[in-house]
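Down below is the structure, laid out as structure tokens.
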Amino acid sequence: MVPPPGHKPPTTVPPRDSRWVEADDVFDAPRTGSVASGARGLPRPSQASTLVEHDSEITQQCRIDARNLRTRIEVPTLRVVAGRDMLSYVTLHGVDEVILGRDEAASMVLTDALVSRRHARVVVQEDLTVVIYDLGSTNGTSVNGQPVSRAVIRPGDQIEVGGVSLRLEMLSMEEISHLSNVISRLKLQNRDPLTGLLTRGWIDEDLPALMERASRGEPLSCIFFDIDRFKEVNDTFGHHIGDDVLVGCSRLMLYDVRDQDACVRYGGEEILMFLHNAPLSGAADVADRIRQAVEAHDWSRTAPGLKATISAGVAEWRTGEAAREWMARADKALLRAKREGRNRVLTSEG
């Protein structure tokens with residue numbers, strides 16, 4: 001399951017000397033996913049469910065949780081963490097090699113113009129070592145900041161392919177399923193065409209049902225986000241970069257919340273998030289976690305010298321309160337956050 005509001009998902013990776021072991025019970029997950037237009041291999045929503053297969057020949061990464069003695073299945077996954085193709089991913093289980101590039105026949109299609117058609121090859125060797133080879137690309141491949149023609153990569157390593165930044169991660173099946181669901185949500189109809197977020201129509205059509213559930217005792221909170229100094233970004237870097245910042249913030253938000261949480265593009269650079277079963281304190285924790293993720297993101301992949309932050313206001317719904325009054329309280333908290341210096345989260349005072 002995706003962690004509840006207020007719970008920070010794990011960011012650590014297994015030790016570099018962790019071993020792959022044979023597993024009799026193996027989970028089947030979507031191997032590739034992309035938010036890029038025209039990308040191949042986008043998993044269908046039905047593929048996101050976890051299936052159990054019995055195949056002793058398939059190798060998986062396992063980690064033993066000493067506290068409860070349960071085995072957690074983890075899958076080596078290459079994920080785009082910065083750049084135009086952010087959230088695209090490919091899993092490395094059960095494959096011999098993966099081709100990265102702009103070619104539509106590549107295993108992982110990357111749309112950035114600095115990526116060659118066949119840019120790099122990732123190979124899983126017989127001893128399960130993962131090796132990346134540059135395929136004579138125009139703009140090169142690097143690992144942890146060092147240009148390479150061939151290099152062993154381990155969990156946590158940063159891989160630069162042209163203008164795209166990837167990371168090798170060990171992801172649980174829940175994490176891969178969530179990532180697949182996020183990508184699927186971005187591709188649904190009736191979404192904002194730029195960001196993939198819900199449109200304002202959701203507030204009139206679906207929010208009343210969520211408020212009705214909350215009236216039976218479940219806490220419900222909303223977060224009003226705004227990108228700081230967005231006009232300056234547009235004026236300095238151009239509106240196309242401003243659009244990329246808005247898209248990047250939207251994807252960071254969707255990746256950091258539960259699949260059922262609603263994210264609405266309210267207007268311009270303003271985004272509203274609705275968290276059911278989330279009290280004020282839990283929603284504030286979620287908002288601050290997202291704020292930190294946006295601040296820490298590598299925006300230089302979008303434009304050299306670019307930095308971006310967000311501010312947020314949080315309000316918990318009161319039984320009987322009109323939706324507009326509730327959102328207005330969150331908006332007032334957001335305005336206070338802006339006045340008090342930006343890049344912060346404040347809650348409704350009353």
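The CE atom of Met327 lies 10.0 Å from the CD atom of Glu321; values are rounded to the nearest 0.5 Å. Rounded to the nearest 0.5 Å, atoms CG (Leu114) and CD (Glu160) are 11.5 Å apart. How far CG of Asp228 is from CD of Glu269: 9.5 Å, rounded to the nearest 0.5 Å. Atom-to-atom distance recorded for Met173:CE and Leu171:CG is 9.5 Å, nearest 0.5 angstrom. Atom CZ of Arg167 sits about 11.0 Å away from atom CG of Asn144, to the nearest 0.5 Å. Distance check: Leu210 CG to Glu218 CD gives 8.5 Å after rounding to the nearest 0.5 Å.
With 3.5 Å as the limit, one finds no donor-acceptor pair spanning the side chains of Asn139 and Ser137. At a cut-off of 3.5 Å, with distance as the only test, a side-chain donor of Thr111 or Asp85 sits close to an acceptor on the other residue.
The heavy-atom pair separating Asp261 from Val257 by the smallest distance is OD2-CB, 3.8 Å. Taking every heavy atom of both residues into account, Pro155 and Met170 meet most closely at CG-CG, 3.7 Å. Here the closest heavy-atom approach between residue Leu110 and residue Arg102 is recorded as O-CG, 2.9 Å. Here the closest non-hydrogen pair linking Gly248 and Met86 is O-CE, 3.3 Å. In this structure, Leu197 and Ser250 approach most closely via the heavy-atom pair CD1-OG, 3.5 Å. Ser165 and Arg301 make their closest contact through CB-NE, 4.1 Å (heavy atoms, listed as atom of the first residue, atom of the second, distance).
Side-chain contact between Pro219 and Asn277 is present, with heavy atoms from C-beta onward closer than 4.5 Å. Side-chain atoms of Met108 and Ser88, non-hydrogen and from C-beta on, do get closer than 4.5 Å to each other. Contact check for Val81 versus Asp298: no side-chain heavy atoms found under the 4.5 Å cut-off. By the 4.5 Å heavy-atom criterion applied to side chains, Phe237 and Val245 are not counted as neighbours. Contact check for Thr138 versus Arg117: no side-chain heavy atoms found under the 4.5 Å cut-off. Using a 4.5 Å cut-off on side-chain heavy atoms (C-beta onward), Arg79 and Glu175 make no contact. Counting heavy atoms from C-beta on, the side chains of His119 and Asp134 come closer than 4.5 Å. Looking only at side-chain heavy atoms (C-beta outward), Leu92 and Leu168 come within less than 4.5 Å of each other.
Between Arg185 and Asp192, no side-chain nitrogen of the basic residue sits less than 4.0 Å from a carboxylate oxygen of the acidic one, so the salt-bridge criterion is not met. Ionic pairing of Glu295 and Arg291 is present here: one or more N-O contacts between side-chain nitrogen and carboxylate oxygen are shorter than 4.0 angstrom. Taking a cutoff of 4.0 Å between a charged side-chain nitrogen and a carboxylate oxygen, Glu270 and Arg200 do not qualify as a salt bridge.
Val345 and Leu272 fall into different hydrophobic clusters, defined by Ile, Leu, Val, Met, Phe, Trp and Tyr side-chain heavy atoms under 4.5 Å apart, directly or through other members. Under the 4.5 Å side-chain heavy-atom criterion for ILVMFWY residues, no single connected hydrophobic cluster contains both Ile99 and Tyr133. Hydrophobic clustering of Ile, Leu, Val, Met, Phe, Trp and Tyr side chains at less than 4.5 Å, counting indirect connections, keeps Trp202 apart from Ile223. Cluster annotation: Leu78 is connected to Val164 through the hydrophobic network of ILVMFWY side chains, with a link wherever side-chain heavy atoms come within less than 4.5 Å. Under the 4.5 Å side-chain heavy-atom criterion for grouping Ile, Leu, Val, Met, Phe, Trp and Tyr, Phe224 is not connected to Ile310 through any hydrophobic cluster.
With hydrogens and angles disregarded, no donor-acceptor distance shorter than 3.5 Å links the side chain of His276 to the backbone of Ser221. A donor-acceptor pair under 3.5 Å links the side-chain atoms of Ser311 to the main chain of Asn343, judged by distance alone. Panel note: side chain Ser184, backbone Ser180; a donor-acceptor pair is recorded below 3.5 Å. Panel note: side chain Thr77, backbone Thr91; no donor-acceptor pair is recorded below 3.5 Å. Using modelled atom types, one side-chain atom of Trp326 and one backbone atom of Ala315 make a donor-acceptor pair closer than 3.5 Å. Of the possible polar contacts, none joining the His93 side chain to the Pro76 backbone as a donor-acceptor pair under 3.5 Å is found.
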Discussion item. I'd like to know whether Asp256 forms a side chain to side chain contact (heavy atoms under 4.5 Å, CB included) with Val286, so could you lay out the CA-CA distance, the side-chain angles of the two residues, the decisive distance to 0.1 Å, and finally the verdict.
Written reply: CA-CA 8 Å; Asp256 214 12; Val286 171; over 6 Å; no
Discussion item. Could you walk me through whether Leu198 and Arg191 satisfy the side chain to side chain contact (heavy atoms under 4.5 Å, CB included) test, starting with their C-alpha distance in whole Å, then the side-chain angles of each, then the deciding distance to 0.1 Å, before giving a yes or no?
Written reply: CA-CA 5 Å; Leu198 296 164; Arg191 294 266 174 167; 3.6 Å; yes
Practice prompt. I would like to know whether Met273 and Val314 meet side chain to side chain contact (heavy atoms under 4.5 Å, CB included); could you show each step before the answer?
Written response: CA-CA 9 Å; Met273 185 179 292; Val314 188; over 6 Å; no
Worksheet item: What's the verdict on ring pair (Phe, Tyr, Trp, His ring centres under 6.0 Å) for Phe274 and Trp317, showing C-alpha distance, side-chain angles and the deciding distance?
Response: CA-CA 10 Å; Phe274 297 90; Trp317 182 67; over 10 Å; no
Worksheet item: When you look at Arg329 and Arg318, which way does the side chain to side chain contact (heavy atoms under 4.5 Å, CB included) test go after all the steps?
Response: CA-CA 11 Å; Arg329 289 195 293 113; Arg318 300 164 179 166; 3.7 Å; yes
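Counting heavy-atom neighbours within 6.0 Å of Lys338 NZ, excluding the residue itself, gives a total above 12.
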